[in-house]
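One-based numbering, in listed order, for ligands and for the atoms of each.
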Amino acid sequence: MESQFTTEPLADVTADWLIVGLFAPGEFSREVAALDQSLGGQLMRLKEAGDLTGKLGETLVIPDAPAIAAKRLLLVGLGDPDKPDLRSLRKAFSTAAIQVSTKADLSIACALPEVTDERLSATMIAQEIATSLCVGSVGPGVYHSQPNRHAFSSVTYVLTNEAATDEVRAAVERGNVLGESVNLVRELVNRTAADVYPETFAQRADQLATEFGLSCEILDEIFIRQEKMGSLLGVAQGSDRPPRVVILRYNGAGAGKPVTALVGKGVTFDSGGLSLKPTASMNTMKSDMAGAATVLGTMTAIARLKLPVNVIGACGLAENMISGSAYKLGDVLTARNGTTIEVLNTDAEGRLVLADVLSYIVDQKVDRMIDLATLTGSCVVALGENITGAFTNDQNWCNEVLSAATKAGEQVWQLPMEEEFAEQLKSDVADIKNVGTRWGGASIAAKFLEKFVAEVPWVHLDIAGPSFAEKGSPHQDSGGTGAMLRTLVELLS
Ligand code: BES
Ligand code: MN
Ligand code: ZN
């Protein structure tokens with residue numbers, strides 16, 4: 001969506017909703033003080049009565065104030081002015097957007113708050129607010145027969161004269177692209193496994209590639225077999241849905257420049273296979289393709305933003321099912337790079353899918369790699385639901401990813417890659433087995449993947465926790481979240 005801009009006083013802005021952020025303690029900003037004056041001091045009285053605290057995410061609605069042009073005013077708390085950060089802005093403006101998107105065809109105006117903090121530029125603020133409004137306006141109800149959330153008919157940003165620059169306007173447009181890309185990831189994750197399976201995921205990737213100017217190659221099961229991707233094929237063989245590998249290419253830097261690869265786990269449904277999951281653990285396993293969706297969303301974002309980089313995006317797509325043809329415990333699979341793998345748990349399937357895609361991408365002569373995968377419950381046990389686990393064979397490359405995450409306001413924590421975790425993967429009958437002990441399971445999985453990345457600098461991101469919210473909260477809808485897309489775009493920028 002295109003945004004509009006104005007430098008009018010807040011009281012004069014026409015819209016169905018005017019969203020204004022307020023910091024917790026301290027004085028009103030110049031613009032808010034002027035708005036308060038139009039409202040006859042109502043805001044100050046509410047503040048003194050303790051009804052307007054500015055606490056992060058607190059909202060207060062003032063409907064139908066005759067003194068202002070907007071039909072309704074939504075005040076949202078921005079928290080502590082001494083430590084403003086992107087995550088609190090995200091929380092505040094997502095909360096606001098979720099609240100005001102319950103009716104159709106509403107026009108929104110939003111004041112960009114003034115922040116005097118050298119760590120947070122006006123453009124970063126503008127970008128994040130635009131992204132948050134976009135993400136917050138779309139709900140998880142893909143299948144509601146009566147939609148209960150509605151995209152805004154228009155969004156107007158109210159800028160101070162100092163902030164009314166081309167840079168800030170460009171940042172808002174970037175933020176909109178990021179928001180739409182996050183929403184694409186969320187939609188793919190929220191759709192059921194009956195809708196999104198390897199073939200349909202690949203078709204969608206192909207459509208998006210055409211729309212946004214990416215090249216897209218779909219490897220079908222015949223090609224996958226020719227490539228001897230026995231590890232991925234083992235996982236896929238129990239399903240009626242054949243596997244696919246999608247390869248997206250974007251050459252924004254031109255020939256001869258370094259190539260970054262993004263590789264995503266796309267298990268469109270993870271039943272666990274014969275090592276069947278208990279029913280409750282399967283409820284959310286349509287989301288086991290979040291890594292692949294994030295790769296696809298990121299590729300569309302960098303193409304739309306025309307970033308001067310060369311990137312390959314690869315999605316390994318398979319469904320992990322039980323049937324008479326399913327792979328069995330004790331089976332030995334031969335991966336594309338020749339490694340033989342003894343399968344001792346068919347629920348450790350993500351690493352088997354990624355193994356072959358990683359080795360395929362290594363042979364495409366890339367300079368660095370990142371994979372994204374909803375790989376282990378262990379990672380969620382270790383870091384909780386909101387923090388991504390990072391694992392690497394190259395500390396400098398990992399540091400770049402970690403610092404991009406900090407800049408993008410996303411939470412990532414590095415976990416160990418000691419050799420003792422790899423020792424657990426030794427097998428008596430094959431080169432390696434696909435599981436070790438319970439302890440340190442996220443690191444064991446990462447050491448498994450490491451066997452397929454050769455010498456390429458590589459970071460593995462385990463997004464099992466943050467990619468999907470089981471429960472919604474005022475600032476975040478339940479379902480797919482689009483976690484790590486902002487970080488990847490920041491990194492590639
Ligand atoms: N897709 C799951 C991991 C997962 C768990 C993602 C919870 C999101 C939420 C993965 O394929 C899996 O089943 N991993 C096993 C590995 C184990 C068998 C070594 C796990 O984590 O239990
Ligand atoms: Mn599994
Ligand atoms: Zn899985």
Side-chain angles (χ1 to χ4, degrees), residues 189-190 193 196-198 201 231-232 234-236 238-239 241 243 263-294 315-322 326-331 341-355 357 371-389 391 415 421-422 424-425 427 432-449 460-471 478-481 483-484:
V189 170
N190 288 338
V196 177
Y197 48 92
F201 186 107
S231 181
L232 183 152
V235 174
S239 171
R241 308 287 194 195
V263 177
K265 168 180 174 181
V267 172
T268 53
F269 187 71
D270 182 10
S271 71
L274 289 172
S275 311
L276 194 64
K277 286 183 185 295
T279 186
S281 310
M282 231 184 275
N283 288 347
T284 58
M285 281 301 131
K286 66 174 183 184
S287 72
D288 212 19
M289 35 55 79
T294 309
C315 303
L317 302 161
E319 200 178 53
N320 188 21
M321 296 292 282
I322 46 173
Y327 73 145
K328 305 176 187 74
L329 291 94
D331 279 2
I341 307 165
E342 182 187 12
V343 177
L344 291 179
N345 191 321
T346 60
D347 198 12
E349 86 298 340
R351 62 198 75 181
L352 297 173
V353 170
L354 285 173
V357 183
D371 79 73
L372 295 108
T374 48
L375 204 64
T376 67
S378 292
C379 195
V380 193
V381 172
L383 299 178
E385 289 181 87
N386 298 321
I387 303 181
T388 296
F391 308 79
L415 289 170
F421 294 116
Q424 297 195 27
L425 296 170
S427 159
I432 51 173
K433 54 186 182 182
N434 77 331
V435 280
T437 62
R438 268 159 53 84
W439 316 116
S443 290
I444 297 168
K447 289 306 270 189
F448 182 98
L449 297 180
H460 157 56
L461 297 173
D462 194 331
I463 55 171
S467 61
F468 192 87
E470 293 214 18
K471 272 194 181 160
S478 65
T481 63
M484 295 311 287

Can you check whether [X] has an N/O within less than 3.5 Å of an N/O in ligand 1?
{"X": "Ala464", "answer": "no"}
{"X": "Thr376", "answer": "no"}
{"X": "Asn345", "answer": "no"}

Would you mind listing which atoms of ligand 1 come within a distance below 4.0 Å of any non-hydrogen atom of [X]?
{"X": "Thr374", "value": "1 (N), 2 (C), 3 (C), 6 (C)"}
{"X": "Lys265", "value": "1 (N), 10 (C), 11 (O)"}
{"X": "Val435", "value": "19 (C)"}
{"X": "Glu349", "value": "11 (O)"}

Work out how many protein N, O or S atoms lie closer to the Zn ion (ligand 3) than 2.8 Å. 4
Heavy atoms only, cut-off 4.0 Å: how does Val267 contact ligand 1, side chain, backbone, both, or neither? neither
Strictly under 2.8 Å, is any N, O or S atom of Glu349 next to the Mn ion (ligand 2)?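 Given the 2.8 Å cut-off, Glu349 counts as a ligand of the Mn ion (ligand 2).
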Which distance, rounded to the nearest 0.5 Å, do you find between the CE of Met285 and the OG of Ser271?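 So the gap between those two atoms works out to 10.5 Å.
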Atom CG in Leu375, atom NE2 in His460: separation rounded to 0.5 Å?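 One finds 4.5 Å between CG of Leu375 and NE2 of His460.
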Sub-4.0 Å heavy-atom contact, Val380 with ligand 1: no
Would you say Arg351 contacts ligand 1, with heavy atoms under 4.0 Å as the rule? yes
Is the side chain of [X] donor-acceptor paired with the backbone N or O of [Y] at a distance under 3.5 Å, no angle test?
{"X": "Ser239", "Y": "Asn320", "value": "no"}
{"X": "Ser467", "Y": "Ile463", "value": "yes"}
{"X": "Lys286", "Y": "Asn190", "value": "yes"}

Checking side-chain contact (heavy atoms from CB on, under 4.5 Å) for the pair Arg241/Thr268: CA distance, chi angles, key distance, verdict? CA-CA 10 Å; Arg241 308 287 194 195; Thr268 53; over 6 Å; no
Result for side chain to side chain donor-acceptor pair (under 3.5 Å) between Thr374 and one of Asp462, Thr294, Asp288 points to Asp288
For the CG atom on Asn345, are there more than 12 heavy atoms of other groups (residues, nucleotides or ligands in this structure) within a distance under 6.0 Å?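 Yes, because the 6.0 Å sphere around CG of Asn345 holds more than 12 heavy atoms from other groups.
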Tell me which N, O or S atom from Asp270 is the closest to the Mn ion (ligand 2). OD2
